[in-house]
Amino acid sequence: MPQTSGADPLRAASPGGTASGQFEAVVGSDVWRLNRPADLETLWQGMAEGDLGEDERLPYWVELWPAAVLLARFVAANPERVRGRSCLDAGCGLGLSALVAARAGGRVLAFDYEPEALVFARQGIELNRGLLGQAEPLFAVMDWRSPAVASGSVEVLLGADILYERRFFEPVEALLRHALAPDGVAFIADPERSVSAPAWERLAALGWRIETPFSGRVAQGGQNMNVHIRQISRC
């Protein structure tokens, strides 16, 4: 049976909440500090017409979503999954899972499509120097439709809530096929969105092995969601 997470691992760093500025994320026994410019609603309201572009670039990266929290908890609880391995964190946002994976000993390259997201993700390195020591992830701007990593070079691929639109299935599957080493494995945190529900059967039909080693309920940021860690590997 899947394991279940405990209480909500996110807490505000100040009485004013986490709409902007620094806040804390509790992962296991560690408290991680993150930073952001504002919450999603605030940034969205401030966007001018035409800012979204053809890719509908809403600033989802400013939120620490329940799936990202559970993925970080999974990595922290299972450091042997990433220790000493080349790790790619896809759509890393504020970078929590990348930071946790680096502390666990992974050689982490984390990427996001949005350059501004990486400004704040990189700030997490210095904000958490006491936890990281000399370990730190590398953050890069990258489009998963044109991954700048060598074919078969990734031993562990991480992703949190990256299938929240149906149009993302093909590029994510192509990224897995291109990047994962023959014995590589992906861990994708799935928050039971109806839009992503068909993805796992589709992946299985394309020859991927799908397992669910970890599940939990995360109440965070006004959401209370069941999240599953989907383990994906070649059959």
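In this model, a donor atom of one side chain and an acceptor atom of the other lie less than 3.5 Å apart for His228 and Ser215. For the residue pair Gln22/Asn35, the side-chain donor-acceptor check at 3.5 Å is not satisfied. Asp39 and Thr42 form a side-chain donor-acceptor contact under 3.5 Å, judged by distance and modelled atom types alone.
Between Arg107 and Glu155, at least one side-chain nitrogen of the basic residue sits less than 4.0 Å from a carboxylate oxygen of the acidic one, meeting the salt-bridge criterion. Look at Glu80 and Arg83 and you find no salt bridge, because none of the NZ, NE, NH1 or NH2 atoms lies under 4.0 Å from a carboxylate O.
Among Arg177, Arg202, Arg145, the one residue that satisfies the salt bridge (charged side-chain N to carboxylate O under 4.0 Å, His left out) test with Glu170 is Arg202.
Of the inter-residue distances, the one linking Tyr164 atom OH with Arg167 atom CZ reads 7.0 Å to the nearest 0.5 angstrom. Note that the CG atom of Leu70 and the CZ atom of Arg217 stand 12.0 Å from one another [nearest 0.5 Å]. The distance from atom CG of Leu158 to atom CG of Asp89, rounded to the nearest 0.5 Å, is 5.0 Å.
A centroid separation of 6.0 Å or more is found between the aromatic rings of Phe187 and Phe214. Note: Trp61 and Tyr113 fail the aromatic proximity criterion, with ring centroids not under 6.0 Å apart.
Under the 3.5 Å distance criterion, the side-chain polar atoms of Asp112 are matched with a main-chain donor or acceptor of Gly93.
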Please walk me through it: do Val100 and Arg103 pass side-chain contact (heavy atoms from CB on, under 4.5 Å)?
CA-CA 5 Å; Val100 173; Arg103 183 174 190 244; 5.8 Å; no
Determine whether Met225 and Val218 satisfy the following criterion, side-chain contact (heavy atoms from CB on, under 4.5 Å), listing intermediate values before the conclusion.
CA-CA 5 Å; Met225 306 180 75; Val218 180; 5.9 Å; no
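Using a 4.5 Å heavy-atom cutoff, the side chains of Arg36 and Leu94 are in contact. Residues Val172 and Ile162 meet the side-chain proximity criterion, which asks for heavy atoms closer than 4.5 Å. Residues Phe169 and Val195 fail the side-chain proximity criterion, which asks for heavy atoms closer than 4.5 Å. In this structure the side chain of Leu88 never reaches within 4.5 angstrom of the side chain of Val156, judged on heavy atoms. In this structure the side chain of Thr212 reaches within 4.5 angstrom of the side chain of Arg230, judged on heavy atoms. Here the side chains of Trp208 and Trp200 are not in contact, with every heavy-atom distance at 4.5 Å or above.
The cationic atom of Arg33 (NZ for Lys, CZ for Arg) does not lie both less than 6.0 Å from the six-membered ring centre of Phe23 and within 45° of the ring axis.
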